[in-house]
There are 2 protein chains.
Amino acid sequence: MESIKHRYSRQRETILQVLRGTLEHPNADWIYNKTRRIIPNISLGTVYRNLSQLVESGRIIRIKDDAVIRYDANIKHHDHFRCTSCGRWYDIEILDNTVIESFNKKHKFHIEAFNLELEGVCEICL
Amino acid sequence: MESIKHRYSRQRETILQVLRGTLEHPNADWIYNKTRRIIPNISLGTVYRNLSQLVESGRIIRIKDDAVIRYDANIKHHDHFRCTSCGRWYDIEILDNTVIESFNKKHKFHIEAFNLELEGVCEICL
DNA sequence: TAAATAACAGTAACTATTACTATTAGCTTG
DNA sequence: CAAGCTAATAGTAATAGTTACTGTTATTTA
């Protein structure tokens, strides 16, 4: 990762700071609106392009809602839990590499990445 | 599940047969085109509506690509693996309920559903 | 400090999905 | 089994999220 040559841009760094400054798992539009408070004339296209670049360079990760793509600045492996009652997203830990490695040993697949999404009811709502 | 009252419709049953007849994990548009060979004037909206109903009633499941929703007629729990080289989707088994149950015991979350997606390189491509 | 070009803002286009409307066709009940 | 109720339909318009395009700006490098 991070092999692609990217020039510095204030827009990209601001987007990253915005995302690092929240525990929500926002989508592009949320990030766009927050970033606009800092760079009022930033364009939505710039947000999308930079989010993709940040994913590409491994500085953030993508998570997938039913339809919308959401982002997370926490790049160490973790799983995601969505509360069906309040809609919050949580970072949780269930899967680790050992599960994957043992699968790789048994089969002729080579697993490079995995994404686990859970849903149910969170502690607050219970 | 299957508590909702649905009238019979040839369109819905045909869609289900089309999906049961493939091991691909097609999206709505693919299903629409296949179904059109049987019911030429079926509408895309009908396909979407029925896919949602079939999910609702537990006869099929949804899986999520980066952007597009895909469907699977195999409703027994399994995980999905996508080959980054050829793009194929595979049904595989890694997670089972015991992993989830043990998590539920340790935490105050109540997990109701989970979806694991993996990517890497498949046997054929290796 | 000038040339090369990545990144930008602004906007148009695209794609997947949902909503709307008038019509058709399963189901229920007298 | 015919009449009435309304789910489901076809066809189309609208929406939302995302990507592509264009002329301009700004970072890098030599």
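Lettering of chains follows the sequences in order, A, B, ..., and the numbering in each one begins at 1.
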**Q.** A/Tyr48 side-chain proximity, nearest of D/dT19, D/dA8, C/dA9
**A.** D/dT19

Q.
Measure CG/A/Asp29 against C1'/D/dA16 and give the value in whole Å, please.
A. 9 Å

Q) Taking all non-hydrogen atoms of both residues, which atom of A/Tyr90 and which atom of A/Cys122 are closest, and how far apart? A) OH-SG, 3.2 Å

Q. How close or far is atom P of D/dG17 from atom CZ of A/Arg62, stated in whole angstroms?
A. 15 Å

**Q.** A/Ile15 CD1 to C/dA7 P, straight-line distance once rounded to whole Å
**A.** 12 Å

Q) Out of C/dC8, C/dA9, D/dT9, which nucleotide sits closest to the side chain of A/Ile42? A) C/dA9

Q. Quick one: which of D/dA10, D/dA8, C/dC8 gets closest to the side chain of A/Gln11?
A. C/dC8

Q: Just do the side-chain hydrogen bond (donor to acceptor under 3.5 Å, both in side chains) check on A/Asp79 and A/His77 with the steps written out, would you?
A: CA-CA 7 Å; A/Asp79 308 310; A/His77 176 76; 3.1 Å; yes

Let me have the donor-acceptor pairs involving side chains of residues 106-115 of chain B, under 3.5 Å, with sequence neighbours excluded, atom names and distances please.
{"unit_1": "B/His107", "atom_1": "ND1", "unit_2": "B/Phe103", "atom_2": "O", "d": "3.3"}

Q. B/Leu54 CG to D/dA8 P: how many Å, rounded?
A. 11 Å

Extract from the structure each pairing of a protein N or O with an N or O of nucleotides 26-30 of chain C at less than 3.5 Å, listing the distance.
{"unit_1": "C/dG26", "atom_1": "N2", "unit_2": "B/Arg7", "atom_2": "NH1", "d": "3.3"}
{"unit_1": "C/dG26", "atom_1": "N2", "unit_2": "B/Arg7", "atom_2": "NH2", "d": "2.7"}
{"unit_1": "C/dG26", "atom_1": "N3", "unit_2": "B/Arg7", "atom_2": "NH1", "d": "3.2"}
{"unit_1": "C/dC27", "atom_1": "OP1", "unit_2": "B/Tyr8", "atom_2": "N", "d": "2.9"}
{"unit_1": "C/dT28", "atom_1": "OP1", "unit_2": "B/Lys5", "atom_2": "NZ", "d": "3.3"}

Q) Could you state the CG-C1' distance from A/Leu44 to C/dG10, rounded to the nearest angstrom? A) 11 Å

(Q) Would you say that A/His6 contacts A/Arg12 through its side chain, given a criterion of any heavy-atom pair below 4.5 Å between the two side chains? (A) yes

Q: Report the distance from atom CG of A/Asn50 to atom P of D/dT27, rounded to the nearest whole Å.
A: 13 Å

Q.
Could you check whether any side-chain N or O of B/His78 sits under 3.5 Å from a backbone N or O of B/Lys76, counting only pairs where one atom can act as donor and the other as acceptor?
A. yes

Q.
Any non-hydrogen side-chain atom of B/Val18 less than 4.5 Å from a side-chain atom of B/Trp30?
A. yes

**Q.** A/Lys34 side chain near A/Thr22 side chain, heavy-atom distance below 4.5 Å
**A.** no

Q: Give a yes/no on whether any side-chain N or O of A/Arg12 is located under 4.0 angstrom from OP1 or OP2 of C/dA7.
A: yes

(Q) Below 4.0 angstrom, which residues in residues 30-41 of chain A have at least one non-hydrogen atom near DNA chain D? (A) none

Q) Under 4.0 Å between a side-chain N or O of A/Gln53 and OP1 or OP2 of C/dA7? A) yes

Q) Could you go step by step and tell me if B/Thr35 and B/Thr46 meet the side-chain contact (heavy atoms from CB on, under 4.5 Å) rule? A) CA-CA 11 Å; B/Thr35 310; B/Thr46 298; over 6 Å; no

(Q) In whole Å, I'd like the distance from the CG atom of B/Leu51 to the P atom of C/dT17. (A) 9 Å

Q) Does B/Arg49 come within less than 4.0 Å of B/Glu56, counting only side-chain N to carboxylate O? A) no

Q) Looking at B/Asn27, does any N or O in its side chain come under 4.0 Å of the phosphate oxygens OP1/OP2 on C/dT15? A) no

Q: Among the candidates C/dA7, D/dA10, D/dT9, find the nucleotide nearest to the side-chain atoms of B/Ser43.
A: D/dA10

**Q.** DNA chain C: 5'-proximal contact among A/Thr46 and B/Ser52 (nearest heavy atom)
**A.** A/Thr46

Q. Taking the side chain as C-beta and beyond, is there a heavy-atom pair between B/Asp91 and B/His80 under 4.5 Å?
A. yes

